[in-house]
**Q** 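If you scroll down you'll find the structure; I have some questions about it.
Just so you know, ligand 1 is whichever comes first in the structure, and atom 1 is the first atom listed for that ligand. Note that the structure is a prediction, hence the values are computed from the model and not measured.
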Amino acid sequence: MIGALPTAASLYERVRRVIPPIEWQAFADDIEAILALKRERSAVILAHNYQTPEIFHCVADIVGDSLALARKAMTVDADVIVVAGVHFMAETAKLLNPDKTVLIPDLGAGCSLADSITPEDVRLMRQRYPSAPVVTYINTSAAVKAESDICCTSGNALAVVKSLNAPRVIMLPDEYLAKNIAAQTKVEIIAWKGRCEVHERFSATDIRELRDAHPGVTVLAHPECPPEVVAEADFAGSTAAMSDYVGRYKPARVVLMTECSMSDNVAVDHPEVDFVRPCNLCPHMKRITLRNIRAALEQNGHIVTIDPGVAERARWAVERMLFV
Ligand code: 13P
Ligand code: SF4
């Protein structure tokens with residue numbers, strides 16, 4: 001039996017501490033329309049941890065970091081998948097669901113890391129270091145994934161590198177993630193020069209100033225941050241790992257050195273934790289809104305397609321990662 005849909009008013013109870021009533025008024029109508037459209041179209045919404053709380057907590061069916069979204073995308077039982085995230089995440093969902101319709105509400109939702117490297121760059125790196133396997137961060141285009149031996153995310157990068165049993169590995173394209181992984185292994189890591197435009201802006205000085213201003217604060221950092229930031233933090237991990245850390249240790253006061261919406265989304269489930277919020281906004285993640293998710297479901301756009309020759313090789317690299 002199909003149950004009644006939750007009302008926007010009942011959902012507001014969940015997010016009222018992070019969304020002021022005045023903002024909520026603009027969301028309620030779109031939320032109710034999206035819930036009805038999902039049912040009508042047999043659609044699910046995958047949302048990354050950086051999506052705003054009205055998306056993350058009120059319309060999403062599956063939430064998580066890039067690794068969790070990829071894993072859970074394999075088990076989706078629906079005709080349509082709407083990705084509330086950036087374009088490489090929508091491509092990954094399509095790679096793992098070639099027969100489903102995958103929609104991204106805004107085609108301009110890119111990523112500075114994905115934009116930092118081309119398939120030709122990967123081929124040149126292979127020529128330069130012919131014996132080194134290529135590990136490609138999931139934050140890349142399908143065409144770049146197709147040139148790699150295996151993918152990784154911030155959540156499994158070390159395990160993926162170790163799984164290759166190679167003395168030397170090419171790790172593309174995030175220079176800082178590569179350096180942060182190199183600090184944890186004897187494997188020689190050859191890096192590229194890509195950067196996340198959000199995380200590269202955090203500095204060790206930021207952390208020292210935060211510790212001065214908020215004595216006892218626990219500092220969690222994403223591994224896309226510069227190594228000096230990771231070195232000064234109490235813990236570094238993927239967005240899911242940061243969220244799990246807060247749930248497990250319940251620090252009295254915490255700062256997440258990552259994208260703004262993370263703190264809001266985690267705070268919803270941990271009212272006892274005080275979040276200090278010096279956040280950096282990801283302009284690409286923020287292109288996704290309730291309004292364009294609704295339009296995506298109403299108009300069946302924008303449909304994500306991947307060249308079949310590219311898709312087969314890229315899927316192999318993603319699936320190989322999921323077995324590590
Ligand atoms: P996670 O896989 O840790 O969620 O990171 C994705 C991302 O884009 C971070 O900037
Ligand atoms: Fe890309 Fe950085 Fe935005 Fe993540 S936060 S999507 S890595 S630009």
**Q** Please answer whether the main-chain N or O of S116 pairs with a side-chain N or O of W192 as donor and acceptor at a distance below 3.5 Å.
**A**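 Yes, W192 side chain to S116 backbone: donor-acceptor pair under 3.5 Å.
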**Q** Looking at D121 and R126, is there a salt bridge between them, counting it only when a charged N and a carboxylate O are closer than 4.0 Å?
**A** no
**Q** Out of all atoms in ligand 1, which are within 4.0 Å of some heavy atom of Y50? Include the element for each.
**A** 7 (C), 9 (C), 10 (O)
**Q** Among L69, N139, V86, which residue places a heavy atom closest to atom 8 (O) of ligand 1?
**A** N139
**Q** Need the ligand 2 atom indices (1-based, order shown) with element for anything under 4.0 Å from a heavy-atom of Y50.
**A** 5 (S)
**Q** Nearest 0.5 angstrom please: K145 NZ to F88 CZ, how far?
**A**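 Taking NZ in K145 and CZ in F88, the distance rounds to 7.0 Å.
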**Q** Out of all atoms in ligand 1, which are within 4.0 Å of some heavy atom of D65? Include the element for each.
**A** 1 (P), 2 (O), 4 (O)
**Q** Hey, is E259 touching ligand 2 through its side chain, its backbone, both or neither, going by heavy atoms under 4.0 Å?
**A** neither
**Q** Tell me yes or no: between the side chains of H199 and T258, is some donor less than 3.5 Å from an acceptor?
**A** yes
**Q** Could you tell me whether H48 and ligand 1 have an N or O pair separated by under 3.5 Å?
**A**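 Indeed, backbone or side chain, H48 has an N or O that close.
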**Q** If you count the atoms of ligand 1 from 1 in the order shown, which ones are under 4.0 Å from a heavy atom of E224?
**A**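 Ligand 1 atoms under the 4.0 Å threshold to E224: 7 (C), 9 (C), 10 (O).
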**Q** Which atoms of ligand 1 sit under 4.0 Å from any heavy atom of H222?
**A**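 In order of number, 1 (P), 3 (O), 5 (O), 9 (C).
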**Q** Give yes if a backbone or side-chain nitrogen or oxygen of N49 is under 3.5 Å from a nitrogen or oxygen of ligand 1, and no if not.
**A**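 By distance alone, the answer is no.
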**Q** Using a 4.0 Å heavy-atom threshold (strictly under), name the region of H199 that reaches ligand 1: side chain, backbone, both or neither.
**A**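 Side chain only.
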**Q** For atom 2 (Fe) of ligand 2, what is the closest protein heavy atom, and at what distance to 0.1 Å?
**A** C196 SG, 2.3 Å
**Q** Any carboxylate oxygen within less than 4.0 angstrom of a Lys/Arg side-chain nitrogen, looking at E120 and R123?
**A**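 Salt bridge between E120 and R123, a charged N being under 4.0 Å from a carboxylate O: yes.
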**Q** Within ligand 1, which atoms have a heavy atom of S66 less than 4.0 Å away?
**A** 1 (P), 2 (O), 4 (O), 5 (O), 6 (C)
**Q** Assess C111: does it contribute an N, O or S atom lying under 2.8 Å from atom 2 (Fe) of ligand 2?
**A**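 Here the distance criterion (N, O or S atom, under 2.8 Å) is not met by C111, so no.
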**Q** Working note: T52 + E54, criterion side-chain hydrogen bond (donor to acceptor under 3.5 Å, both in side chains); need CA distance, chi angles, decisive distance, verdict.
**A** CA-CA 6 Å; T52 47; E54 68 280 6; 2.9 Å; yes
**Q** Which atoms of ligand 1 sit under 4.0 Å from any heavy atom of S238?
**A** 3 (O)
